[in-house]
Amino acid sequence: MGKKIEIHDFEPKIMAFVCKWCTYSGADLAGTSRMDYSPNVRMIRLPCSGRIDPQFMIKAFEQGADGVFVSGCHPGDCHYNEGNYYARRRNTTFRQLLDFNGIDIERIEFSWISAAEAIKWTEVIDAFTDKVRELGRHPQYNDDIVDPYAQFLVQKKQESA
Amino acid sequence: MIEEIRNQARQLLENGEVDVVIGYAEGSDPSRTTPIFVRKAEDVEKLIYDSRCINSLPIYLNKRHEYTRKGWKKSAIIGKGCDIRAIVQLIAENQLKRDEVYILGVPCEGVVSHPDKWDGSLHDGNRASKCTGCDVMTPHETDFFPGEKPEVDRSKPYEVTSPKVANLMELELDKRFAFWRTDFDRCFKCYACREVCPHCSCNVCITDETTPSWIDPAAHKKGIFSWHLTRAMHLVGRCTGCGECTRACPMDIQVDLFNQRMKEVVQESYSYKPGYSLEDKHPLITYKVDDREDFIK
Amino acid sequence: MAKIGVFVCQCGNNIARTVDTAEVAKYCSEQDGVVHVEDYKFMCSAPGQEMFKKAIKEKGLDACIVSACSPKMHEATFRNAAEAAGLNPFKVEIANIREQCSWVHDDKEVGTVKSKDLTKMMIERIKFNKPLERYVMPLTKRALIVGGGIAGIQAALDLAQAGVDVHIVEREPSLGGNMARLSETFPTLDCSQCIMTPRMVEVQNHPLITVHAYAELEQLSGFIGNFRARIRQKAKFVIDDLCTGCGECWEKCPFSTESEFEMGLVKRPIIYIPFPQAVPTVPVIDKTECPKILKDKCGLCADVCGPDCIDFTQQDEIKEIDFGAIIVATGFQLMPNVYREYGGWRPPHMTPKKLTAKMRKALPRSDAGRLVDVINGLEFERLASASGPTGGQIRRPSDGKIPEIVVFIACVGSRDCNKGVEYCSKICCMYTAKHTMLYQHAVHHGKSYVFYMDIRAGGKGYEEFINRAQDEGAQYVRGRVSRLTKKGDRILVKGADTLTGQAVDVEADMVVLATAMVPQGDSEQVAQTLGIGYDKHGFFSEQHPKLMPVESSTGGIFLAGACQSVKDIPETVSQASATAAKVLALFSKDEMMRDPEVAIVDQEKCMNCWDCVTVCPYLAIERVELKDRNGNFRKWAAYVNPGLCQGCGICNTACRSKSIELMGYTNEQVYAQITAFGGDII
Amino acid sequence: MSNIYQPDLMTITKIIQEAPGIKTFHLKFQDENVASNFSFQTGQFGEYSAFGAGESTFCIASSPTRPDHIECCFREVGKVTTALANLTEGDTIGFRGPYGNTFPLDDWRGKNLIFIGGGIALPPLRSVIWNCLDLREQDGRFGHISIVYGARSVQDLVYKREIEEWNQMENVTMVKTVDPGGETDDWDGHIGFVPHVLENDFKPDPENTVAIVCGPPIMIKFTFEALERLGFKQEQMVTTLENRMKCGLGKCGRCNIGSTYVCIDGPVFTATELAALPQEF
Amino acid sequence: MKTATLNKSDLGKCIDLLVQADLRVIAPRLQPRLDEDGPDAIDVLTFTEVDSGEGHQVGEGLLPLNGVKEFLFAKHEPLFAYEKRGKKIEIIPVHHEYPQTVIIGVRPCDAASIASLESVFSDANAGFEDPFFTERRSRTTFITYSCTAPDASCFCTSVNLSPDSAKGSDLHLTEIGDGRLHVEVISKAGEAVAKQLQDLLEGEGDQAAREKAGAEVSEKLTRIRDSAPIMDWLMDTANFDDEMWQRLGEKCIGCGACTFACPTCHCFDIVDENKGSKGYRVKFWDSCQFDHFTLHASGHNPRDWQYKRYRNRFNCKFKIYPEKFETPGCVGCGRCIRACPVNLDITEYMAEVAHKAANPSAMKADQDSE
């Protein structure tokens, strides 16, 4: 309790896709136990890590996420018996694919977190946030995209300044 | 060799065993060949086969071409080994029934990498890299094969990866990214890579999906990235390596490098090769309890 | 645009302390589609819920977000409240701003920003929430129990006593299972037969219980509440209804073969009942041995049968019966292979004729090198049983001599993944202790040694029981036995005492192996027939190791006894009763309500690659033919049976053409959440 | 520089649920200048946007003689129409238009008119029906007006109140029909497909008459054939086509039938014009 | 018309001069390659924005893979942004500040294609002017370069163009031997550019040498068709259902590569790209070869077979363009032939049509006998 929030120049946006049986409950436990962890993560609750589509991760990066966190039950603990095994294969290949594309796979973290592992949750999230913060804004996905809305924002900022 | 194929094709058509023979014919200029659908026995003379026959014909067996396929109950197809892998994969994915197709296997010496490189003969300078180390030059699944089929040991992983994959893997991350960025800058999302792929068989492609629009359809960088990542991801463990996506790309983007890389990954991680067994389940819909998870925290 | 209401809960000071709820509420009110916002102290309180309902009714809200604690706490509360107010419960979502914000972040600004984001993500998501209706399914209130051992019997009686129609399928000619083989049971040493047979008779006589003895479950289709079982009643060649169980036939039968029930220790006639107290007391003819059936010779049994109930032309009969729930109680066997490792020669109790020719060849056929007097625990049980082949006298199989020195070896095949299985078989310590006692009681001057790794005796009266065994003369040697060799008519047991570090050699008259408990040899096949999960050993997998230990991975199929994992009798019985309770709970309603958060298929888009069929852990996806208006075949497509679907969404991810949607977690919902995340957080 | 792709904003003033999945919007421009400069003629269409989903093409379903607002009517089928259907009164949508040609009302002076529509194709006809009824009210420039309308089932009929209104009107003949099997117990109209009812039950006199047909391509085809058998000449038959469009400006290249762009040269065609086109619509 | 000569070796300097004059210069360039790419590697020549004359490929190679189309009609064009605020919506226009651009090394066919596109996007087409195209067009100058060696797929002479045509050009360069280029100033914009380059230009050009050079190249073209009868034949609606469409087109796999590679294809699609409650509307290239291109919401598709889609493309080039815009829709660049993975050859269609147009009765008889 009472970890001081440090102000950094860059705060990464982290999207977490988690299974509702294990990891989401683990995060809940972290809450109930009043554990402090990085506020950068936004969780999306899914029934199973087997429901996590690589498409979600692509979309998250597209939408400006700097890191994507994927988590589910430990092997053998899946509420649906085998969903996490499929998730594991999907992620194994997807990471290699991103890597081949030259996208830093340090920005995707996969972790098994059970409903009891609140401490692990906070540790993994903190470590991942620090790592992504170090890596900085995701350059591969966020540079020079013609976004009229962004143009508009920049312009507005200039006008007001 | 081609004479034997022609004779067999003629017989099949005359007996009414097949409605059509899908094969190759001379193209509109000497370096090119073109797919042909032979429906009459007298037309079998048009069939040819040599190292210019790059096309992967099994794409006409894909359900996507339902209109073209209308009225074909059974088709015979001339297949080189790599195409037969595609046919096998189609059957394994239930996109085709084994008894709907009659495979006229051809012994293949490799094909030319690009029509422009054809100079009258096949040699190391113009042979497609997918043909290096090919283990299906004597095809594995055929209904007819001219001559005797020699025994081939297919238990070993085949080594047909383009040297470029290794080159790219040696690069640093940002250089690799820069390489793709320059290539992708050319992409205008014509989806030729999708359309020539024998394994793209969805009724509605994910990129044409609007609810939600998974992939921005516009040809901006994000949209292009997402498209190529998705395409490669959908082919993980399914791509049989015909290399048509790269050849079809009007912008000469080597998109099949993704597939080749993923083929390596699948082979390393799951010792799986697609296109060899009619009952195969691709690695993303199967699992082993002790699969690798070295990257998982 | 949607009419969304957002209800921000302060949770007393729990949320309000580090989240500026008023600010969150204000922010939400500016969001697209939001028409009503509340910021309240305790949303989950009665007045809070009233306010929630009132807002739904008065503002005509068509979706609600409650920004409060974890959905695990109050999702159901607010969904019920919404339903009461006339809003579809699946149009309510919870944004978790307590467990994920206020309780984990100290900084109020941070907590507020994150709360806004989480709520905003939910606002975008809920625009794509579809009103879902729970599925109402018919329910067949009849239960099927596979296996007529103690687990099956217990479950059957519990259910029948509660008024449920029960069918038991038992593949042997009699109920009883492994427990019927036991002589006495630990830790009380009461007679197994004495407590078992009355229950078997009770089953037989209960009007609500139908026993299909000598029958097998061949196929199972359908889903929870609506199973259809195909049961193969194997031909007994004896007409059930006519047979009086007089015993004339089996007494007169001139041929014999090894008795399965007696573990091959003695022979039994070809027309037989497995043991005298068998229920039903109807004999069956072993068609693989009967000369009448094989060669049309003999037929003596038919001649002697008074009621004339022998019918050599009888065929297997197929019965199709509907069930609402299934209890699997197929039990265990002792590990066959390890037994051979130690020089024993008898195959598992399933007799050699069920082995393939190849296996038969591998078995030692002659006396040379075989150790006849190395037996397993169940064989010892038969030797010790008053109704057993020796009438309760412990005599060794080779020459019938009463053994003077008996060595018991524990953990044979257990806890060793090189020679057997890595798990502990749990009951061996106890039954070995029991065996030493039975032996000591029968042979007062005998000497018993027990080689063990550890003693595991966690149970009521168990540790005391072990102590008692030691007091009564069993000598416990901590250490493993390296090999058994023949020495004269005795067996030289070469072992070591790891406590003293010395080699211990014992010349034993008989060796009893406490062999590992393993699932029945065909358990994987059974699991596939039933469509339930199983582990690498072949034990059926429970739905959840802690919280759902009696449910299988498939809804409506429950697991009782040693088919799920190693168990002793009390555990088996309690699990059996637990399954009965589960079935009763399922049968307590007239029809079944199924959660609507299941996958559905857009059949037009489906390109029938059947990847979904492959990945579905519940076999919930079927291949269906679509027809056009004129009834002609149009295309194949997948169909998800909502009765079987558990809503995991694995198929959804596996589907490349995105033609499967998991209701409640649709692609659009997740997509909206992701885009909301990207859109506003700067 | 004006951006032809940029829509004007309109407010939904009223939403009417016509049939399951079919809605009518009443729309008003938010910008007074745009409103005062806006005019359209019957038969024209517009591009309606649901921001965030995209644009969709519908005809303007109201009559230019009632210019206080415009109406559109659509069925919920795709992404855009679903997004539109989720809007509520007071919400904003985008509108580009009017585009396309118009019904040749001047050519119809003094003639009897038969409007034939099927299913969701009544909205384009509704515009011209009210336009003609209003003009006839003013100066009696048209003769007898008949309306033949059919849908798959009773509940799929759109503009139910107006159908009743037309039914009550003197010198308007209202013929309504539903496909076999789509009728209810209290259905008082015909049962049968539109071309069939037209040919066998209604039997209009081709003399000095113009038939205006709107519906799915297959219905247009059969209705034209039925009309020809009744003695109508090609120039007496008019239809409006609803090809897929994106820009509405003759640029995006998808609505063409041969070298005719439906968005510019259409959507209103006479049967004569259609017959001269390649049969690909 | 002003003419001059230029040393071919000075082309790099020309580019440098233009860059120095604060112009955006687009020139053909080879894409960078990895070493030892294996036998699959091919040279990739594209029009790219350059910041110096170094490594330019003006006059080298044949056609860059991309036409100049994408510099005027962007493959991805945001039309405007919007933001939803409750019931209100704010539309945020896009700012068009296109830089003054010079595209150098444009082949005559590509230059001619611009006129075709212009007819679609200008207000001459039904009075609607695409501001994005016309703005860019008005700020772009084309320096064309006569072809010196056509390849097997070129057929510009079949569509009334020639390898040395100056149509659509602002400044035209032709090789006249000895490393010299004949320079023609065609338009005012060309003159302005020529002014920037005047230090490098010398005296008068050599008109005779230029014409001779052009004629020599024309003779090298192998695919010579007469496109004149094609339109007449296509105008006959009866021929719309001719058997040849299906026979030739059934192998088409609908990949759309031809349309995207085509310098005159102009079809596009418009969608909204949304991010939460804001986003933008974007226009991007589409292709008439895709099955959902004309698919109605009802499920009806006027062009349900692939061959019908290719028929539409052929008609678009040889009937719709000439009839509607009075410009040819095909400039004979041959990109569609090179791009086609199944060797569907537009000139085979042209030959077939020309043959049918020339022998109407013979073809009829052929069909009857079948």
Side-chain angles (χ1 to χ4, degrees), chain A residues 1-5 11 13-15 17 19-21 24-25 27-65 76-87 90 122 149 153, chain C residues 69-73 93-94 96 98-107 109-111 113-114 117-118 120-121 125 532-533 535 541 543-546 548 553 597 615-618 646-655 658 662 664-665 667 669-671 673-679 681-682:
Chain A
M1 203 57 200
K3 196 158 64 178
K4 186 94 183 69
I5 298 268
E11 281 300 332
K13 292 196 265 179
I14 293 170
M15 178 108 274
F17 297 98
C19 121
K20 71 176 175 185
W21 301 100
Y24 195 88
S25 304
D28 268 1
L29 181 61
T32 340
S33 319
R34 310 295 203 278
M35 293 170 179
D36 209 327
Y37 60 87
S38 302
N40 305 49
V41 62
R42 305 285 180 270
M43 244 188 278
I44 291 184
R45 177 170 168 253
L46 294 164
C48 178
S49 47
R51 172 74 183 90
I52 301 167
D53 200 319
Q55 225 66 50
F56 294 160
M57 298 183 237
I58 295 177
K59 203 74 215 174
F61 281 131
E62 260 189 27
Q63 294 293 325
D77 286 355
C78 178
H79 183 81
Y80 305 102
N81 295 329
E82 45 198 46
N84 50 2
Y85 293 130
Y86 295 118
R90 225 167 272 285
T122 57
Y149 189 80
L153 277 185
Chain C
C69 50
S70 167
K72 301 222 158 176
M73 297 288 296
E93 289 281 0
I94 308 283
N96 185 351
R98 190 177 76 179
E99 276 82 349
Q100 287 183 19
C101 296
S102 72
W103 276 355
V104 291
H105 305 313
D106 260 357
D107 190 303
E109 201 182 336
V110 168
V113 167
K114 191 170 168 186
D117 287 350
L118 292 177
K120 160 87 177 160
M121 280 161 71
R125 175 196 165 96
I532 60 178
D535 64 16
S541 306
Q543 172 76 281
H544 189 277
K546 317 288 183 293
M548 297 165 98
S553 51
E597 290 186 340
V615 297
C616 179
Y618 304 101
Q646 303 285 316
C648 62
I650 300 172
C651 54
N652 202 328
T653 313
C655 183
K658 299 289 161 220
L662 176 61
Y665 297 91
N667 291 329
Q669 283 171 297
V670 179
Y671 183 92
Q673 255 178 307
I674 300 172
T675 43
F677 161 78
I681 307 165
I682 296 167

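Naming convention: chains lettered A, B, ... in sequence-line order (proteins, then strands); numbering from 1 in each chain. Note that the structure is a prediction, hence the values are computed from the model and not measured.
- Contact check for A:Tyr86 versus C:Val615: side-chain heavy atoms found under the 4.5 Å cut-off.
- For A:Phe56, the parts lying near chain C are the backbone and the side chain together; criterion is any non-hydrogen pair under 4.5 Å.
- If you measure heavy-atom distances from A:Ile52 to chain C, the contacts under 4.5 Å come from the backbone alone.
- Comparing C:Cys69, C:Gly664, C:Cys651, C:Gly649 by heavy-atom pairs within less than 4.5 Å of chain A, the highest count is held by C:Gly649.
- Highest contact tally toward chain A, considering only C:Met73, C:Glu99, C:Arg98, is held by C:Glu99 [criterion: heavy-atom pairs under 4.5 Å].
- Among the candidates C:Asn652, C:Val104, C:Leu118, the residue making the largest number of heavy-atom pairs closer than 4.5 Å to chain A is C:Val104.
- Among all heavy-atom pairs drawn from C:Thr653 and A:Pro54, the shortest one is CG2-CD, 4.3 Å.
- Among residues two or more places apart in sequence or in another chain, the ring pair (Phe, Tyr, Trp, His ring centres under 6.0 Å) test is passed with A:Tyr24 by none.
- Heavy-atom minimum distance, A:Cys48 versus C:Cys648: CB-O, 3.5 Å.
- Neither the backbone nor the side chain of C:Asp535 comes within contact range of chain A, judged by heavy atoms closer than 4.5 Å.
- You'll find the side chain of A:Met43 stays beyond 4.5 Å of the side chain of C:Asn96, heavy atoms only.
- The closest side-chain heavy-atom distance from A:Tyr85 to C:Ile650 is not below 4.5 Å.
- Side-chain N or O atoms of C:Lys72 include one that pairs as donor or acceptor with a backbone N or O of A:Lys20 at under 3.5 Å.
- For C:Arg125, the salt bridge (Lys or Arg N to Asp or Glu O under 4.0 Å) criterion is met by C:Glu93, not counting sequence neighbours.
- For a residue to count as touching a neighbouring chain, one of its non-hydrogen atoms must lie under 4.5 Å from one of that chain's; by this rule A:Ala27 touches chain C with the backbone only.
- Annotation for C:Val670 and A:Leu46: closest pair CG2-CD2, 3.7 Å, computed over non-hydrogen atoms.
- Within the 4.5 angstrom heavy-atom criterion, only side-chain atoms of A:Arg90, from C-beta onward, approach chain C.
- Contact check for A:Asn40 versus C:Lys114: no side-chain heavy atoms found under the 4.5 Å cut-off.
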Trace of the side-chain contact (heavy atoms from CB on, under 4.5 Å) decision for A:Phe17 with C:Ile674: CA-CA 10 Å; A:Phe17 297 98; C:Ile674 300 172; 3.8 Å; yes

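- Between A:Tyr80 and C:Gln646 the shortest heavy-atom distance is CE2-O, 3.6 Å.
- Comparing C:Lys658, C:Glu597, C:Met548 by how many heavy-atom pairs each has under 4.5 Å with chain A, the most go to C:Lys658.
- Within the 4.5 Å cutoff, side-chain heavy atoms of C:Met121 are placed close to those of A:Ile44.
- Under the 3.5 Å distance criterion, the side-chain polar atoms of C:His105 are matched with a main-chain donor or acceptor of A:Tyr37.
- Across every non-hydrogen atom of C:Val110 and A:Pro39, the tightest pair is CG1-CB, 3.1 Å.
- The backbone N or O of C:Tyr665 lies less than 3.5 Å from a partner atom in the side chain of A:Arg51, making a donor-acceptor pair.
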